[in-house]
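Right, one structure below, let's go through it.
This one's a predicted model, so the numbers in the text were calculated from it and none came from an experiment.
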Amino acid sequence: MTTQSDAPASRQSSQAAQAETSAPSAEGAPPATLAFSPTDLASIQRTLIDWYGQHGRPLPWRTQPQSPWAILVCEVMSQQTPLSRVIPTWEAWMRTWPEPSDLALASPAEVIVAWERMGYPRRALRLRECAQQIVTQHGGSLPTSREELLALPGVGPYTADAVLAFGFHTRSVVLDTNIRRVLGRWNGIALPPATATRSERERAESFVPLDDEDAWRWNESIMELGEIVCRAKNPACEECPAASWCEWKKAGYPDNGGARRAQPWNGTMRQARGAIMGVLRQASPQPVEVNQLRAQSKIDQARFDAALRSLLADGLAQQQEDSGLVGLPTV
């Protein structure tokens with residue numbers, strides 16, 4: 001993937017003008033001061049796209065052409081889940097449910113079991129709901145507009161923009177944690193704020209090429225740079241093709257970013273819910289007696305009761321009225 005930007009000079013000049021305009025800064029963060037000439041901006045775009053062509057990882061959704069649906073499933077699975085766990089599950093899902101119409105016919109229990117231990121299993125049910133809406137409202141094909149994508153269950157701004165870029169290969173402004181970190185460091189900030197700001201999106205848009213083909217490759221390239229080189233911890237600056245225009249590096253790597261707290265796991269409600277779901281997946285399609293469920297999940301009584309109530313409320317578990325047995329949802 002070594003495509004270079006071939007947008008007309010007039011379009012690149014217009015885009016460079018956006019890059020040279022200082023955007024409003026986030027509270028407590030330095031103002032946006034990036035300023036590149038049309039030639040510099042085109043060079044940055046070419047450099048990163050060429051770098052990705054040589055160093056991008058051969059992930060399964062990259063090595064072969066994939067449908068927009070396959071990209072949507074990948075993006076939903078990749079939220080807050082390491083790729084090492086996503087890859088085998090995504091491959092299994094695409095073999096079982098290669099089209100939205102296939103997943104739309106699956107039972108809730110089937111999709112939860114197939115979700116394995118990727119965490120946040122509500123995403124599995126939302127994908128099923130999404131597939132059903134695609135079938136009933138869009139004839140089984142993913143819609144191509146951002147507005148219609150955002151109307152699908154479980155699809156937010158990032159996912160919609162990612163599907164447009166990587167599924168439909170059209171221009172969009174993809175803004176995930178990796179891209180935000182890269183652009184922030186180019187602007188002298190160690191880590192971006194917890195929530196994306198309007199100025200961040202404006203800054204990101206100013207870098208995206210106007211040509212569709214170059215645009216989606218740019219999004220993939222800068223995202224990959226943040227994932228494998230410009231990491232949150234221990235960035236590999238000596239391997240970075242963008243080191244010469246990184247203001248954070250030039251400033252001596254100041255610790256001036258938003259504070260980050262590691263999310264705990266032991267003793268949390270997430271841990272308790274995960275343990276209960278693990279037992280229910282293992283037992284499926286058979287339901288489990290409540291006392292047996294608590295014993296096998298190895299969760300103390302108070303946390304078990306609260307976690308089970310929340311799973312029932314979220315539709316991730318189902319309790320039979322007559323017997324009290326608990327299992328995965330059947331409808």
Q. Under the side chain to side chain donor-acceptor pair (under 3.5 Å) test, which residues partner Arg273, sequence neighbours left out?
A. Ser310, Asp314
Q.
Between Glu200 and Arg203 (salt bridge meaning N to carboxylate O under 4.0 Å), is one present in this structure?
A. no
Show me the side-chain donor-acceptor pairs of residues 95-105 shorter than 3.5 Å, one per line, residues at least two apart or across chains.
{"unit_1": "Thr96", "atom_1": "OG1", "unit_2": "Ala92", "atom_2": "O", "d": "2.9"}
{"unit_1": "Asp102", "atom_1": "OD2", "unit_2": "Glu99", "atom_2": "N", "d": "2.9"}

Q: Please name all residues satisfying side chain to side chain donor-acceptor pair (under 3.5 Å) with Thr268, sequence neighbours left out, ordered by chain then number.
A: none
Q: Specify whether Phe166 and Trp216 have parallel, tilted or perpendicular ring planes, treating 30° as the upper limit for parallel and 60° as the lower limit for perpendicular.
A: perpendicular
(Q) Quick one about Thr197 and Ser199 (side-chain donor to acceptor, distance below 3.5 Å, no hydrogens or angles considered), yes or no? (A) yes
(Q) Applying side chain to side chain donor-acceptor pair (under 3.5 Å), can you list everything that pairs with Thr159, at least two apart in sequence or on another chain? (A) Gln79
Q.
The criterion is salt bridge (Lys or Arg N to Asp or Glu O under 4.0 Å); which residues satisfy it with Arg85, sequence neighbours excluded?
A. none
Q. Would you call Arg171 and Glu205 a salt bridge, taking side-chain N to carboxylate O under 4.0 Å as the test?
A. yes
Q. Under the ring pair (Phe, Tyr, Trp, His ring centres under 6.0 Å) test, which residues partner Tyr120, sequence neighbours left out?
A. none
**Q.** Those residues that, when tested against Glu129, pass side chain to side chain donor-acceptor pair (under 3.5 Å) (two or more places apart)
**A.** Arg122, Arg126
Q) Does a donor on one side chain sit under 3.5 Å from an acceptor on the other, for Ser43 and Asp40? A) no
Q: Determine, using the 4.5 Å side-chain heavy-atom cutoff (strictly less than), whether Val135 and Trp93 are members of one ILVMFWY cluster.
A: no
Q: Assess the side chains of Glu148 and Ser145: does a donor N or O sit below 3.5 Å from an acceptor N or O?
A: yes
(Q) Please identify which of these residues, Ile276, Val326, Leu328, meets the side chain to side chain contact (heavy atoms under 4.5 Å, CB included) condition with Leu311. (A) Ile276
Q: Could you tell me which residues satisfy side chain to side chain contact (heavy atoms under 4.5 Å, CB included) with Arg57, sequence neighbours excluded, listed by chain and number?
A: Leu59, Arg62, Leu83, Glu224, Glu227, Ile228
Q. If we ignore angles and hydrogens, is there a donor and acceptor under 3.5 Å between the side chains of Trp51 and Gln54?
A. no
Q: Report yes or no: do Arg294 and Asn291 form a side-chain donor-acceptor pair below 3.5 Å?
A: no
Q) Residues two or more places apart in sequence or in another chain: which of them pass ring pair (Phe, Tyr, Trp, His ring centres under 6.0 Å) with Trp69? A) none
Q. Of all residues at least two apart in sequence or in a different chain, which pass the ring pair (Phe, Tyr, Trp, His ring centres under 6.0 Å) check with His138?
A. none
(Q) Just to verify, what does Arg201 make a salt bridge (Lys or Arg N to Asp or Glu O under 4.0 Å) with, not counting sequence neighbours? (A) Asp161
Q.
Strictly by ring-ring contact (aromatic ring centres under 6.0 Å, His included), give each pair with a member in residues 298-318 just once, sequence neighbours left out.
A. none
